[in-house]
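Working notes, beginning with the structure itself.
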Amino acid sequence: MTRTSLRTHRCGQLRREHAGERVRLGGWVHRSRDLGGIVFIDLRDRDGIVQVCVGPAWAPAELLAQAHALKSESVVTIEGEVVARPPQGRNAELATGDVEVHATALQVVGPAETPAIQVARAKGEELAAEELRLKYRHLDLRRPELQANLILRHRLLQRARRALSELDFLELETPILTKPTPEGARDYLVPSRVHPGEFYALPQSPQIYKQLLMVSGFDRYFQIARCFRDEDLRYDRQPEFSQIDIEGSFVTQEDVIGFVEAVLVALWDEAGHKIDRRFARLTWREAMERYGTDKPDLRYDLPIADWTSQVQPLAVPFFQSATNGSRVRGIAVRGGGTLSRKDVDQLAETAKTHGAPGLAWVKRQGEQLSGSVGKHFTAEALGKIGVGDGDAALMTVGPDRVTSPALDKVRQEVIRRLAPQPKVAHAFCWVVDFPLFEPDPESGKPVFAHHPFTSPHPADVSKLDSDPFACRALHYDAVYNGNELGSGSIRITDPAIQRKVFAHLGLAPQEIDARFGFLLTALAAGAPPHGGFAVGFDRVAMLLAGAGSLRDVIAFPKTTAARALFEGAPAPARPEDLAALHIKVVPPHE
RNA sequence: GGGGCUGUAGCUCAGCUGGUUAGAGUGCCGGUCUGUCACACCGGAGGUCGCGGGUUCGAGCCCCGUCAGCCCCGCCA
């Protein structure tokens with residue numbers, strides 16, 4: 001299978017059963033050990049490393065001289081015999097460690113200059129700085145770890161395609177040069193040469209196109225879709241990324257959830273994890289109440305509880321602000337007695353940086369109570385809130401919009417510090433019944449929490465104008481170990497409701513027609529009920545590869561400033577190119 | 001847009017309270033070596049202390065600015 005005109009095997013394929021065979025190999029000089037009269041070369045390719053040995057018993061003098069002069073990372077082809085190593089000479093750390101190749105010919109087909117960063121690393125040796133790894137990406141990608149990540153990524157892609165094809169989904173492609181979208185993320189714009197002053201946008205997602213495909217009757221669509229968003233980046237956010245984009249017709253939320261579960265189970269299986277198909281289910285409201293976040297990590301208990309009524313009689317000054325709209329909420333930490341004073345101070349700092357007024361805490365050791373509010377508590381009061389011997393209570397006060405995110409972060413930090421045994425290794429869940437609107441951070445006015453094609457919950461349509469914050473959306477997220485894997489919704493198919501939603505966004509009627517006329521026309525042309533989902537594929541690959549950032553599962557990623565360090569993008573355009581595009585650059589001013 | 005951390009030899013790092021000639025490991029170059037697998041041993045070269053300005057008798061170290069990378073907040077329908 002891997003045989004070519006220039007080689008018979010990959011280096012990493014050779015095993016005991018190949019002993020006695022004459023082989024030709026091609027690979028990179030990972031490392032070499034020159035003992036004078038005999039030279040050992042670790043030859044590497046994508047399958048692994050094999051030891052090539054150049055010794056006087058089988059290699060002529062000029063071959064030894066050649067081996068002596070080899071530079072690391074050069075590409076060589078060799079010819080020789082696979083030989084079983086003597087028992088004491090085996091290397092248990094190499095998959096090929098039972099054999100070595102006695103080379104009788106060697107050719108440097110791709111000489112390498114001394115590499116800027118090392119590919120072969122000794123145990124415990126640090127990686128080069130990420131800046132250099134990105135600059136010399138062709139070298140960094142030679143590292144077995146990154147090769148393994150990208151190979152896994154390939155397998156996951158193939159598996160997703162197979163799983164969806166088996167569910168009768170069609171892989172259909174949609175344009176990369178599209179139309180700017182209002183709201184949402186900033187678009188990447190592409191100027192039109194033939195239409196001066198006009199621009200395409202790169203898609204933030206193929207959302208509208210996949211809906212049009214449903215209107216056209218394709219019934220089940222998927223695509224491994226490249227998406228582009230011009231926003232600030234994080235370790236898990238790249239400006240261009242891939243989604244497993246899915247849409248189906250004549251479906252309810254339950255159908256879509258079924259499709260996505262099938263895909264996720266297949267992907268985890270591909271990575272060697274057998275997971276249970278019945279994912280937990282919780283409403284957005286439950287998630288916020290118990291975990292303070294819409295992407296809870298259900299590997300651990302440690303729920304957030306409302307202790308307002310239990311704590312009120314204790315007259316704790318810190319909780320005095322627990323009045324209208326505010327609640328005292330906290331976490332009973334089993335075994336929290338082992339948290340040091342420093343731990344607790346840092347947890348309080350975490351709470352503060354996420355908006356809470358601070359963190360009140362009590363530790364219980366037998367009848368002994370300690371902590372910032374320890375003197376106000378009794379063992380009995382602690383018992384009521386589930387804090388036993390050796391436990392601790394961490395709590396804060398305020399409106400939910402303050403306490404939820406703060407306690408979410410505190411909970412995560414407690415988990416990190418105490419490192420409790422997880423209940424399960426893979427905790428999937430569905431978060432459903434998201435609100436349709438969320439308050440605008442500045443004005444407090446209701447703004448759409450999702451994209452404007454998300455259908456309101458049928459039971460809540462009557463409250464659209466009277467009580468918008470009580471309206472639920474037919475929107476659902478898939479969550480895994482505290483990570484959002486993706487989200488989806490049932491779409492609006494009634495053009496009148498769709499128009500109303502656009503109007504809610506503040507779009508004037510003529511603007512609606514200019515921007516979304518094609519969608520509204522399509523919805524009025526006979527639209528089946530439809531809905532779908534998008535899985536953040538890069539993030540899935542990162543989690544399954546155990547990688548620390550998206551950059552380690554993308555061959556050519558951007559930096560957090562959206563630069564490509566290897567080829568140097570973006571870069572100034574030539575004046576004649578700008579002229580052809582009818583563009584004039586105005587330098588930024590202070 | 002805001003905050004934090006980092007930037008010293010090709011690479012990874014040390015460099016004390018501001019004080020003589022800026023060090024180590026590794027890589028690289030040369031040499032010895034026939035069973036190594038992070039080979040070993042001997043010798044050598046290698047520095048715009050990110051960049052610019054300032055304070056000081058004197059700055060790798062202090063101050064201001066700036067660039068780059070990473071992390072966080074905002075942002076990401």
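Lettering follows sequence order; numbering is per chain, from 1.
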Taken to the nearest whole Å, CG/L565(A) to C1'/G69(B) is 8 Å
From CG of D42(A) across to C1' of C37(B) the rounded distance in Å is 6 Å
*Taking atom C1' in both U20(B) and C33(B), what distance in whole Å separates the two?*
42 Å
_Separation of the C1' atoms in G31(B) and C67(B), to the nearest angstrom_ = 44 Å
Between the protein and nucleotides 5-7 of chain B, are there any N/O to N/O pairs under 3.5 Å, and if so, what are the atom names and distances?
none

Donor-acceptor pair present, [X] side chain and [N] base, under 3.5 Å:
X       : N      : result
E131(A) : G50(B) : no
D232(A) : C76(B) : no
T454(A) : A77(B) : no
R234(A) : G74(B) : yes
R85(A)  : C37(B) : yes
R237(A) : C76(B) : yes
E125(A) : G25(B) : no

From the list [options], which nucleotide is the closest neighbour of the side chain of [X]?
X       : options                : result
E100(A) : C71(B), G35(B), U12(B) : G35(B)
K123(A) : G69(B), C28(B), A38(B) : A38(B)
N91(A)  : G35(B), C37(B), C76(B) : C37(B)
L134(A) : A77(B), G27(B), C70(B) : C70(B)
P452(A) : G35(B), G27(B), A77(B) : A77(B)
F40(A)  : U34(B), C70(B), G35(B) : G35(B)

Q: Could you tell me how the ring of H18(A) sits relative to the ring of H9(A): parallel (under 30°), tilted (30 to 60°) or perpendicular (over 60°)?
A: perpendicular
Inspect the surroundings of CZ in R46(A) and state if more than 12 heavy atoms from other residues, nucleotides or ligands are less than 6.0 Å away.
-> no
Quick check on [N]: is either OP1 or OP2 less than 4.0 Å from any side-chain nitrogen or oxygen of [X]?
X       : N      : result
T559(A) : G69(B) : yes
K71(A)  : C29(B) : yes
T560(A) : C70(B) : yes
R33(A)  : C33(B) : no
R121(A) : G27(B) : no
R551(A) : C71(B) : yes

Contact class for [X] (heavy atom, under 4.0 Å): base, sugar-phosphate, or nothing?
X       : answer
Q51(A)  : base
L132(A) : sugar-phosphate
A57(A)  : nothing
S205(A) : base

Strictly below 4.0 Å, N to O, side chains only: are [X] and [Y] in salt-bridge contact?
X       : Y       : result
K409(A) : E413(A) : no
K558(A) : E240(A) : yes
K135(A) : D140(A) : no
D552(A) : R143(A) : no
R90(A)  : E100(A) : no

For [N], give the paired nucleotide (Watson-Crick: N1-N3 plus N6-O4 or O6-N4; G-U: N1-O2 and O6-N3; both under 3.5 Å), or none.
N      : result
C61(B) : none
A68(B) : U6(B)
A24(B) : U12(B)
G43(B) : C29(B)

Here the gap from L485(A) atom CG to Y480(A) atom OH, rounded to the nearest 0.5 Å, amounts to 8.5 Å
Closest non-hydrogen contact found for R491(A) with F533(A) is NH2-N, 3.7 Å
Closest to the 5' end of RNA chain B, once G548(A) and E231(A) are matched to their nearest nucleotides, is G548(A)
Side chain to side chain contact (heavy atoms under 4.5 Å, CB included) evaluation trace for Q223(A) with K210(A): CA-CA 9 Å; Q223(A) 181 179 198; K210(A) 67 176 176 177; over 6 Å; no
